[in-house]
Amino acid sequence: MHHGPRRRSVLLAGTAGLATAAGLTSTAAAAPARTTPVAPPPPALIPRPRTLEMTGGRPFEITAHTAVAVRHRAPEARRTAEYLATWLRRATGHAVPVVAFGTAPHAITLAGDDETPSAEGYRLDVTHGGVLLRATEPAGLFHATQTLRQLLPAAAESATPQASPWTIAPLHIEDAPRFPWRGAMLDVARHFFTAEEVKRYVDILAMYKINRLHLHLSDSQGWRLEIKSWPRLATYGGSTEVGGGTGGYFTQREYADIVRHAAERHIMVIPEIDMPAHVNAAKASYAELACDGVAPPLYTGETGIPVSLCIDKDITYRFIGDVLGELADLTPGPYLHIGGDEALATPPEDYRTFIGRVRQTVHGLGKQMIGWEEVGLAEIASGTVVQFWADAKKAQGALAQGAELVLSPSKKAYFDMKYDADTPYGHDWAGYTDVQDGYTWDPATYIPGVGEDQVLGAESALWTERVKTFDEVQYMTLPRLPGLAEIGWSPVDGRTWEEYRVRLATHAPRWSGLGWQYHRSVEVPWGDPVTR
Ligand code: ACM
């Protein structure tokens with residue numbers, strides 16, 4: 001991050017008219033040396049923006065007169081403006097109306113940006129007279145609002161009005177992600193989490209510019225999505241979970257609500273139906289899915305059991321066509337994740353046959369297939385997204401067929417791994433992953449022979465065999481998720497663990513303000529008192 005010398009004007013050529021209308025230049029120029037300006041410290045943004053310049057002068061302050069203004073061709077920009085205004089109202093207690101562009105003298109303006117076309121990038125200018133968020137695409141505007149959020153004091157996260165100076169020091173940010181895929185996987189199968197809880201998880205992701213929510217919707221211990229053509233999958237297959245609790249499932253309406261909530265935050269839902277293994281809940285629900293026609297009992301144990309769909313039965317593929325068909329209709333994103341991992345009870349030749357048929361089904365539905373790294377053992381189409389978790393050879397086999405990789409190394413990005421020996425939840429089979437461990441790796445160099453241009457990005461995975469409650473989900477996610485987010489978004493240059501850990505520590509009061517649970521790792525110099 002470059003912290004340049006104090007500058008009055010941060011405006012780039014060609015946008016001065018818009019900036020003037022947004023109140024930027026005039027007041028920047030009218031900020032004389034009434035006070036002796038001392039450059040404030042750079043804000044502790046996560047993920048770290050590509051460039052940030054403190055430009056000096058008097059701060060911007062949100063007051064009773066501040067409005068949010070929109071000038072962007074996309075209708076979603078208006079929605080993002082409403083989202084920002086709603087958020088600002090809660091803690092500031094100010095009216096913060098959303099107004100037409102050019103009608104408010106003191107505004108936070110969301111505008112288009114023809115100069116730097118980018119799917120998710122944005123520019124952000126703060127001067128005494130106003131704030132200007134510019135992005136080509138609505139996703140960039142949304143990310144800009146999350147940066148703005150982190151520029152305000154932590155008290156801004158409060159749900160009730162706070163007495164705080166709502167000031168932001170003048171600055172100029174230009175930002176865009178390094179990787180297009182920054183994901184988080186949540187296993188709702190081993191333990192079920194409600195749609196409301198999943199939406200709260202999405203809110204955590206949004207703050208850190210994560211743009212994919214991968215839902216692991218089925219496993220041996222539970223089926224978690226209503227399928228209208230095979231209703232017992234949810235009503236019976238979803239009726240329990242690890243440990244024998246009551247489980248649960250999302251109705252299609254609830255699933256659609258999660259998709260909508262995520263889309264409002266520019267997060268794409270990636271649904272996974274795991275096959276041909278991890279299917280005991282499905283076979284328990286429908287005896288005809290078993291080769292011998294006998295339904296196994298529901299399974300509530302923690303460890304994986306050897307189980308496979310019946311590769312030779314026609315009904316297997318009718319089942320898959322029906323399930324993926326309903327899922328495709330409910331899912332606006334282009335991807336269906338078919339799992340494919342740990343098919344220990346499926347002979348290799350059967351596995352290849354099976355993946356080949358499922359691939360055709362997915363493509364027939366107009367979707368792109370995603371699978372865990374094992375699908376690299378089968379024939380896959382070029383452009384298939386393959387999710388690496390442990391075995392470089394399988395990932396390399398997928399790459400040789402033209403796959404693109406998402407990296408979820410179990411030693412780095414499995415949030416069900418304990419932080420250390422004292423962590424009360426989770427596993428340690430891939431080793432402890434404390435905050436530094438989770439932060440210090442690079443998707444572009446992690447797998448030998450795999451370079452940056454073959455990598456779509458990074459994704460965390462939170463398996464929940466030993467994570468029972470949503471408080472525990474948060475505890476395992478924070479503070480590791482911001483590190484994963486930064487790895488996916490920020491350039492490597494200039495980043496160090498020593499600097500990051502200090503920045504990370506300043507986020508704890510935000511999480512506390514939001515009621516989010518987190519692990520107070522000994523590796524992070526938390527300065528705040530414990531307020532949980
Ligand atoms: C996995 O951990 N079985 C993908």
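Atom set for the values below is all heavy atoms of this structure, side chains included, hydrogens, waters and symmetry mates excluded. As the structure lists them, so they are numbered: ligands from 1, and atoms in each ligand from 1.
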Exercise for the section: Could you label the plane-to-plane angle of the H337 and W372 rings as parallel, tilted or perpendicular, counting under 30° as parallel and over 60° as perpendicular? Expected result: tilted

Problem - Donor-acceptor pair between Q146 and R149 side chains, under 3.5 angstrom - result: yes

Practice task
Any chance you could lay out the ring pair (Phe, Tyr, Trp, His ring centres under 6.0 Å) test for F192 and F250, step after step, and finish with the verdict?
Solution key: CA-CA 9 Å; F192 180 63; F250 307 131; 5.1 Å; yes

Handout entry: Flag for T235-Y249: side-chain donor and acceptor within less than 3.5 Å
Key = no

Exercise for the section: May I ask you to check whether Y439 and Y500 place their ring centers less than 6.0 Å from one another? Expected result: yes

Problem - Distance-only side-chain donor-acceptor flag, W230 / D322, under 3.5 Å - result: yes

Just list the N/O pairs, ligand 1 to protein, that are under 3.5 Å apart, with the distance for each.
{"unit_1": "ligand 1", "atom_1": "2 (O)", "unit_2": "Y414", "atom_2": "OH", "d": "2.6"}
{"unit_1": "ligand 1", "atom_1": "3 (N)", "unit_2": "D341", "atom_2": "OD2", "d": "2.7"}
{"unit_1": "ligand 1", "atom_1": "3 (N)", "unit_2": "E342", "atom_2": "OE1", "d": "3.1"}

